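A short write-up of the structure that comes next.
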Amino acid sequence: FLTLLTMTFLRAALASLLLASCQAKTPDNVSSRLMIHIPHSMFKEEGYDHREALFGVPPYGGSIAQNVYYADSDLCDPNVDKTAGYPKRKKKEPWPSPFILMVDRGGCTFVTKVRNAQKAGASGVIIADNTCLCADEDCVKASGESTCETSEPIMADDGSGGDISIPSFLMFKTDADKVKEQVMDDHPVQLEMAWSLPTPDDRVEYDLWTVPSDVVSKKFLAEFKPIAKKLGDRAYFTPHMYIYDGVRTHCQGNGGENFCYNLCTNNGRYCATDPDNDLEKGISGADVVKESLRRLCIWNTYGKEDGVGEKWWTYVEEFLSRCSSPDYFMNEDCVKDCYKHAGIDKAEIDSCMSESGGLDSDKKNELLELEIGAQTERGVVVLPTAFVNQAPIRGQLSANTVFHAICNGYADGTTPQICEKCSGCKDPSTCVVSGKCTGSYGGGGSPPGTVSTHTFGSSMFIVIALFGAAGYWHYNKTREDMREQVRGILAEYMPLEDQDGDGGNMGNPMNFASGPSTQQFIS
């Protein structure tokens with residue numbers, strides 16, 4: 001009973017903290033723009049306010065500009081009627097691809113709506129908000145409703161958004177109503193969803209927020225090491241550990257009591273969720289906090305100076321393969337083994353963990369306090385989360401997504417050669433290691449919708465050869481047809497024998513038509 005009560009209390013506390021952090025600051029609108037090009041009367045040079053979904057895969061460095069169709073539905077039913085909505089089409093034709101679909105908010109999760117739109121063939125989705133912002137007095141007055149929102153909601157992943165590959169925005173009610181008014185009058189609206197990354201200089205900075213027990217980020221951490229090494233000093237990496245503030249979540253009482261037991265360290269100051277939801281055995285929240293502090297110390301000691309941190313990556317790689325199971329997660333011998341293979345001095349790391357404030361007594365730990373402050377300032381609400389040049393990377397975390405975003409984050413003319421060679425590969429790690437981007441897309445070849453240089457060149461050669469052969473045949477046929485026409489004309493209008501007694505000097509006029517001649521008809 002005590003275990004259940006504690007877990008329930010912590011979940012409620014963490015939920016309130018998460019909500020507070022969401023309302024305090026969110027980085028939704030950092031790297032994207034929402035523009036309306038048609039009708040021109042709705043064009044805004046600065047674009048329209050919106051919220052960007054925390055799921056889906058935006059085309060960083062690119063845009064989607066298509067006509068908008070309003071589904072006139074919340075799109076919660078997976079059986080989407082593609083012939084419905086506005087503008088109306090002749091003979092109730094389905095929405096012509098490619099298109100951006102606008103759907104109403106409410107009824108189900110954002111992920112469900114976007115997934116159904118994706119299945120219907122949409123290139124992107126605009127969720128039309130149905131509630132006014134309290135700050136928008138004109139909207140509140142026009143709606144005639146007493147309820148309003150103090151801030152726009154976060155388009156968070158409901159936990160099932162890994163299969164979403166199209167981007168989506170939430171458009172504020174005032175603007176969304178204007179778009180719906182246009183399309184419901186059967187007027188076309190062309191909208192552009194664009195993504196860009198800040199490109200300040202020839203070095204890109206990227207961050208990763210995660211926790212040692214996170215399952216989703218394991219594949220990324222295992223695959224990105226060779227990419228980080230190859231980028232070298234052209235990219236600066238900073239790993240962050242997500243720590244729950246035990247004071248704000250009331251895991252620490254007014255008298256310094258630890259109400260969350262083994263979920264927290266430092267008498268309830270620094271907490272983490274229990275990975276296996278069992279307080280009696282397995283990995284505890286306190287274990288996760290300790291491993292988080294260890295990784296921060298390893299980075300500060302071996303990675304902070306150059307921004308690459310090869311030994312940090314090696315340690316994490318070794319830990320994932322040797323110590324990530326509940327039996328070995330906090331096994332000191334296992335950790336020592338990881339130190340040994342990564343070339344890390346255990347004494348240095350132990351000293352760092354102790355001097356930063358430790359994990360035992362009721363006092364602040366400098367490194368963990370910095371992480372809590374940074375996650376609040378950055379507005380991190382979903383784990384794992386990556387940032388490139390301080391812009392959040394949306395969609396499923398993968399080596400390909402982050403590498404592509406990094407390569408799009410360089411100023412013009414400063415892109416590293418490795419980006420030119422491998423950013424288009426589905427498996428950039430293989431390309432980075434081998435120096436080649438060959439084979440099918442699944443094995444590191446060209447991305448979807450493209451063909452390799454070899455295939456393109458071969459295809460062009462075949463097409464040119466076919467056109468050349470067809471042209472040669474057409475030329476010969478045309479020449480033969482002209483000869484036949486000349487023969488017919490000469491046979492009809494010119495004598496077939498020499499009637500002037502010229503001794504046959506002209507010869508048979510048909511001789512001209514039967515072969516080449518040097519005689520000129522026009523002087």
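In what follows, residues are counted from 1 in the order of the sequence shown. Reckoned from all heavy atoms, side chains included, excluding hydrogens, waters and symmetry mates. Computed from a prediction, not measured in an experiment: that's the story for all the values here.
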First locate atom [atom1] of [X], then atom [atom2] of [Y], and finally report the distance between them rounded to the nearest 0.5 Å.
{"X": "I243", "Y": "R269", "atom1": "CD1", "atom2": "CZ", "answer": "14.5 Å"}
{"X": "L397", "Y": "T385", "atom1": "CG", "atom2": "OG1", "answer": "8.5 Å"}
{"X": "E371", "Y": "L293", "atom1": "CD", "atom2": "CG", "answer": "9.5 Å"}
{"X": "L191", "Y": "I36", "atom1": "CG", "atom2": "CD1", "answer": "5.5 Å"}
{"X": "N389", "Y": "I406", "atom1": "CG", "atom2": "CD1", "answer": "9.0 Å"}
{"X": "K340", "Y": "D345", "atom1": "NZ", "atom2": "CG", "answer": "14.5 Å"}

Strictly by modelled atom types, are [X] and [Y] linked by a side-chain donor-acceptor pair under 3.5 Å?
{"X": "S32", "Y": "H50", "answer": "yes"}
{"X": "E192", "Y": "S63", "answer": "yes"}
{"X": "D158", "Y": "T109", "answer": "yes"}
{"X": "N408", "Y": "H404", "answer": "yes"}
{"X": "E223", "Y": "N400", "answer": "no"}
{"X": "E348", "Y": "Y302", "answer": "yes"}

Taking every non-hydrogen atom, the tightest pair across [X] and [Y]:
{"X": "W312", "Y": "M241", "result": "CZ2-CE, 4.4 Å"}
{"X": "M193", "Y": "L34", "result": "CG-CD1, 4.3 Å"}
{"X": "V125", "Y": "I100", "result": "N-CG2, 4.4 Å"}
{"X": "T131", "Y": "C148", "result": "CG2-CA, 3.9 Å"}
{"X": "A122", "Y": "L101", "result": "CB-CB, 4.0 Å"}
{"X": "H341", "Y": "T314", "result": "O-CG2, 4.0 Å"}

Answer yes or no: is there a side-chain heavy-atom contact under 4.5 Å between [X] and [Y]?
{"X": "L383", "Y": "T210", "answer": "no"}
{"X": "R234", "Y": "V204", "answer": "no"}
{"X": "W313", "Y": "L221", "answer": "yes"}
{"X": "W209", "Y": "P384", "answer": "no"}
{"X": "D138", "Y": "T174", "answer": "no"}
{"X": "C134", "Y": "V140", "answer": "no"}
{"X": "V103", "Y": "D74", "answer": "no"}
{"X": "Y410", "Y": "C419", "answer": "yes"}

Practice item. Go through the steps for Y270 and L263 under the test side-chain contact (heavy atoms from CB on, under 4.5 Å), then give the verdict. Key: CA-CA 8 Å; Y270 310 110; L263 295 178; over 6 Å; no

Point to revise | Residue pairs, two or more places apart or on separate chains, that pass salt bridge (charged side-chain N to carboxylate O under 4.0 Å, His left out) and touch residues 312-339 | key: K225-E317, K290-E332, R294-E332, E318-R322, R322-D337

Are the side chain of [X] and the backbone of [Y] linked by a donor-acceptor contact shorter than 3.5 Å?
{"X": "S356", "Y": "M353", "result": "yes"}
{"X": "K281", "Y": "P326", "result": "no"}
{"X": "N300", "Y": "G303", "result": "no"}
{"X": "N267", "Y": "N258", "result": "no"}

N-O pairing of [X] and [Y] below 4.0 Å:
{"X": "E137", "Y": "K141", "result": "no"}
{"X": "R203", "Y": "D233", "result": "no"}
{"X": "D214", "Y": "K218", "result": "no"}

Point to revise | Matching residue for Y206 among F220, F224, Y236, F403 - test: ring pair (Phe, Tyr, Trp, His ring centres under 6.0 Å) | key: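 Of the listed residues F220, F224, Y236, F403, the ring pair (Phe, Tyr, Trp, His ring centres under 6.0 Å) partner of Y206 is F224.
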
Check your understanding: side-chain hydrogen bond (donor to acceptor under 3.5 Å, both in side chains) between Q252 and N266: does it pass, once the steps are laid out?
Key -> CA-CA 9 Å; Q252 185 182 66; N266 302 73; over 6 Å; no

**Study point:** All pairs passing disulfide (SG to SG under 2.5 Å) where residues 274-321 contributes a residue, at least two apart
**Key:**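 Counting only pairs at least two positions apart or across chains, the disulfide (SG to SG under 2.5 Å) contacts touching residues 274-321 are C297-C352.
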
**Study point:** Candidate pair C132 and C139, rule disulfide bond (SG atoms under 2.5 Å apart), full reasoning
**Key:** CA-CA 6 Å; C132 295; C139 178; 2.0 Å; yes

Heavy-atom count around [X] [atom1] within 6.0 Å, excluding the residue itself: above 12?
{"X": "K364", "atom1": "NZ", "value": "no"}
{"X": "E46", "atom1": "CD", "value": "yes"}
{"X": "E181", "atom1": "CD", "value": "no"}

Revision key, fill the gap. E149 meets the salt bridge (Lys or Arg N to Asp or Glu O under 4.0 Å) criterion, sequence neighbours left out, with R105

Review point. With sequence neighbours excluded, what pairs up with D104 under the salt bridge (Lys or Arg N to Asp or Glu O under 4.0 Å) test?
Key: K180

Practice item. Any ring-ring contact (aromatic ring centres under 6.0 Å, His included) involving residues 145-166? Give me the pairs, sequence neighbours left out, ordered by first then second residue. Key: none

Check your understanding: Would F259 and Y261 satisfy ring pair (Phe, Tyr, Trp, His ring centres under 6.0 Å), going step by step from the backbone distance to the final call?
Key -> CA-CA 6 Å; F259 289 138; Y261 305 101; 8.1 Å; no

Check your understanding: What do the steps show when you test N262 against S284 for side-chain hydrogen bond (donor to acceptor under 3.5 Å, both in side chains), and what is the final call?
Key -> CA-CA 6 Å; N262 65 353; S284 69; 4.6 Å; no

Practice item. Sort out for me which residue in I283, V211, D287 forms a side-chain contact (heavy atoms from CB on, under 4.5 Å) with P275. Key: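 Of all the options given, the one that passes is I283.
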
Exercise for review: Assess whether disulfide bond (SG atoms under 2.5 Å apart) is satisfied between C271 and C260, documenting all intermediate values.
Suggested key: CA-CA 8 Å; C271 308; C260 295; 5.2 Å; no

**Study point:** Check: F329 ring centroid to F319 ring centroid under 6.0 Å
**Key:** yes

Practice item. Decide yes or no on disulfide bond (SG atoms under 2.5 Å apart) for C323 and C338, but give the supporting numbers first. Key: CA-CA 8 Å; C323 310; C338 294; 3.6 Å; no

**Study point:** Qualifying residues under side chain to side chain contact (heavy atoms under 4.5 Å, CB included), relative to D207, sequence neighbours excluded
**Key:**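 For D207 the side chain to side chain contact (heavy atoms under 4.5 Å, CB included) partners, ignoring immediate neighbours, are T238, H240, R378, F387.
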
Review point. When you look at T401 and S398, which way does the side-chain hydrogen bond (donor to acceptor under 3.5 Å, both in side chains) test go after all the steps?
Key: CA-CA 5 Å; T401 303; S398 68; 2.8 Å; yes

